[in-house]
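Below is one structure, written out as structure tokens; the observations come after it.
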There are 2 protein chains.
Amino acid sequence: MRTHAVVEATQVDAASLLRGAGLRVTKPRTAVIVALAATPHASADDVFQAIAIALPGTSRQAVYNVLGDLADNGLAQRIEPAGSPARYELRVGDNHHHIVCTSCGAVADVDCAVGHAPCLTPHHTAGFVIDEAEVTYWGTCADCQQLARVPDSSSHASAIQGETP
Amino acid sequence: MRTHAVVEATQVDAASLLRGAGLRVTKPRTAVIVALAATPHASADDVFQAIAIALPGTSRQAVYNVLGDLADNGLAQRIEPAGSPARYELRVGDNHHHIVCTSCGAVADVDCAVGHAPCLTPHHTAGFVIDEAEVTYWGTCADCQQLARVPDSSSHASAIQGETP
DNA sequence: CGCATTCTTTTGACTGAATCAAAAGAAGGG
DNA sequence: CCCTTCTTTTGATTCAGTCAAAAGAATGCG
């Protein structure tokens with residue numbers, strides 16, 4: 001579903017992304033970035049699985065470290081939908097939100113429909129100073145709608161990336 | 001900050017709330033409802049602590065069971081801000097959202113500023129059917145703003161309920 | 001190019017939050 | 001008042017993630 005070229009390009013700029021953030025370029029970091037580019041909204045475990053192929057022997061802890069470093073340095077964004085382990089994506093710095101499937105947990109991006117929308121600036125804030133508004137939509141993904149219509153088609157695994165248009 | 005009468009009243013309707021939902025009226029359930037009425041946005045552990053006083057000997061598991069039952073039957077709402085254990089509130093059925101303090105984790109309610117706002121209906125939904133939009137605001141609560149100005153005032157414990165106006 | 005310093009990774013123990021399951025105990029209908 | 005069914009207790013177990021020490025790599029510098 002994704003051209004070969006895109007994946008290779010990602011491989012190349014992993015290094016410059018890391019250098020740009022003042023982080024050392026290491027194999028686990030490069031591999032994590034490549035994995036996230038190929039599979040947006042992957043969990044730490046998804047990344048670990050993906051990397052086990054490209055870079056066998058990488059520890060689970062390294063994956064947690066790398067994902068944490070990427071998030072801390074603005075190279076990745078962490079999202080934590082209720083009931084799901086944390087997920088990560090390289091798309092950062094733009095104002096976008098997420099739809100989560102309540103039945104399989106699949107996540108897709110949604111561009112903010114109305115920019116800096118009025119409803120995202122609440123009226124009385126109980127004394128809080130607001131930094132950002134996070135919107136999570138809950139619904140049913142295309143695959144699960146399908147399954148609901150035609151029950152009993154068996155399990156429906158890795159629904160993590162498919163949803164991204 | 002809350003009148004005695006309110007707490008007693010809550011005690012009374014715990015039973016009818018439960019019966020209305022077809023649930024048996026038990027001491028742990030009543031106690032959990034009373035605790036949630038007194039402390040909105042409490043975590044399971046907060047509730048457990050609170051109940052340890054009113055109803056010693058109640059198990060932690062019972063608290064999880066009750067909170068789960070309340071949520072499943074629409075008597076309570078579960079919210080799960082990133083980085084925090086699940087929190088529960090009795091305020092259900094209205095369209096309101098939450099502000100979470102990024103430094104102490106305090107949670108406060110926010111009424112949806114624009115009702116069923118336009119920005120809560122995204123344009124292209126990647127094939128999802130949307131059920132609901134959940135908005136979480138992130139910011140700094142009044143207490144933590146204070147602490148930031150006057151550093152070194154020591155720790156700042158139970159900030160769970162204080163924020164509710 | 002090679003070395004020293006500093007940052008990363010590995011390994012393995014450990015925590016917090018929550019769930020599962022079996023047995024004992026209480027609520028409510030008759 | 002008893003019986004059935006639902007709840008609670010107890011204790012083990014899982015999942016996701018963190019902590020810490022020791023071993024190993026990446027960069028800067030000579």
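Here the structure is a predicted model, which is why all the values come from computation and not from measurement. Here is the naming used below: chain letters follow the sequence lines, and residue numbers restart at 1 for every chain. Excluded from the calculations below are hydrogen atoms, water molecules and symmetry mates; all remaining heavy atoms, backbone and side chain alike, are included.
We find that CZ of B:R60 is positioned 15 Å from P of C:dT15, with the value rounded to whole Å. Nucleotide D:dT10 holds its P atom 10 Å from the CZ atom of B:F48, rounded to whole Å. The nearest whole Å value for the distance from the CG atom in B:N65 to the C1' atom in C:dA24 is 15 Å. Taking atom CG of A:L55 as the reference point, atom C1' of D:dG24 lies 14 Å away to the nearest angstrom. Between the NZ atom of B:K27 and the P atom of C:dG28 there is a distance of 12 Å, rounded to whole Å. The CD1 atom of A:I51 sits 10 Å away from the P atom of C:dT9 (whole-angstrom rounding). One can place CG of B:D69 at 15 Å from C1' of C:dA27, the figure rounded to the nearest angstrom.
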Quick one: do B:H96 and B:E89 satisfy side chain to side chain donor-acceptor pair (under 3.5 Å)? Show the steps, please.
CA-CA 12 Å; B:H96 80 280; B:E89 64 185 348; 3.0 Å; yes
Kindly determine whether A:D109 and A:R87 satisfy salt bridge (Lys or Arg N to Asp or Glu O under 4.0 Å), including the steps that lead there.
CA-CA 12 Å; A:D109 288 332; A:R87 290 154 177 278; over 6 Å; no
Restricting to nitrogen or oxygen on both sides, can you table the protein-nucleotides 18-22 of chain C pairs closer than 3.5 Å?
residue: C:dA18; atom: OP1; partner: B:A86; partner atom: N; Å: 2.9
residue: C:dA18; atom: OP2; partner: B:Y64; partner atom: OH; Å: 3.1
residue: C:dT19; atom: O4; partner: B:Q61; partner atom: OE1; Å: 3.4
residue: C:dC20; atom: N4; partner: B:Q61; partner atom: OE1; Å: 2.4

N/O to N/O distances under 3.5 Å, protein versus nucleotides 2-7 of chain C:
residue: C:dT6; atom: O2; partner: A:R24; partner atom: NH1; Å: 3.0
residue: C:dT6; atom: O2; partner: A:R24; partner atom: NH2; Å: 3.0
residue: C:dC7; atom: O4'; partner: A:R24; partner atom: NH1; Å: 3.3
residue: C:dC7; atom: O4'; partner: A:R24; partner atom: NH2; Å: 3.2
residue: C:dC7; atom: O2; partner: A:R24; partner atom: NH1; Å: 3.4

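Neither A:V135 nor B:V129 shares a network with the other; the hydrophobic side chains, linked directly or stepwise wherever heavy atoms of I, L, V, M, F, W or Y lie under 4.5 Å apart, form separate groups for each. The hydrophobic cluster containing B:L23 also contains B:L36, counting ILVMFWY residues as joined when their side-chain heavy atoms lie under 4.5 angstrom apart, directly or transitively.
No side-chain donor-acceptor contact under 3.5 Å links A:E134 to the backbone of A:I79. The backbone N or O of B:A86 sits nowhere less than 3.5 Å from a side-chain atom of B:R78 that would complete a donor-acceptor pair.
Every residue two or more places apart in sequence or in another chain that forms a salt bridge (charged side-chain N to carboxylate O under 4.0 Å, His left out) with B:D45 is listed here: B:R60.
Residue B:T26 places none of its side-chain N or O atoms closer than 4.0 Å to OP1 or OP2 of D:dC6.
Residues A:V47 and A:Y88 form no side-chain contact, since every pair of their non-hydrogen atoms from C-beta on lies 4.5 Å or further apart.
One distance of note links OG of A:S43 with CD of A:E80; it measures 12.0 Å at 0.5 Å rounding.
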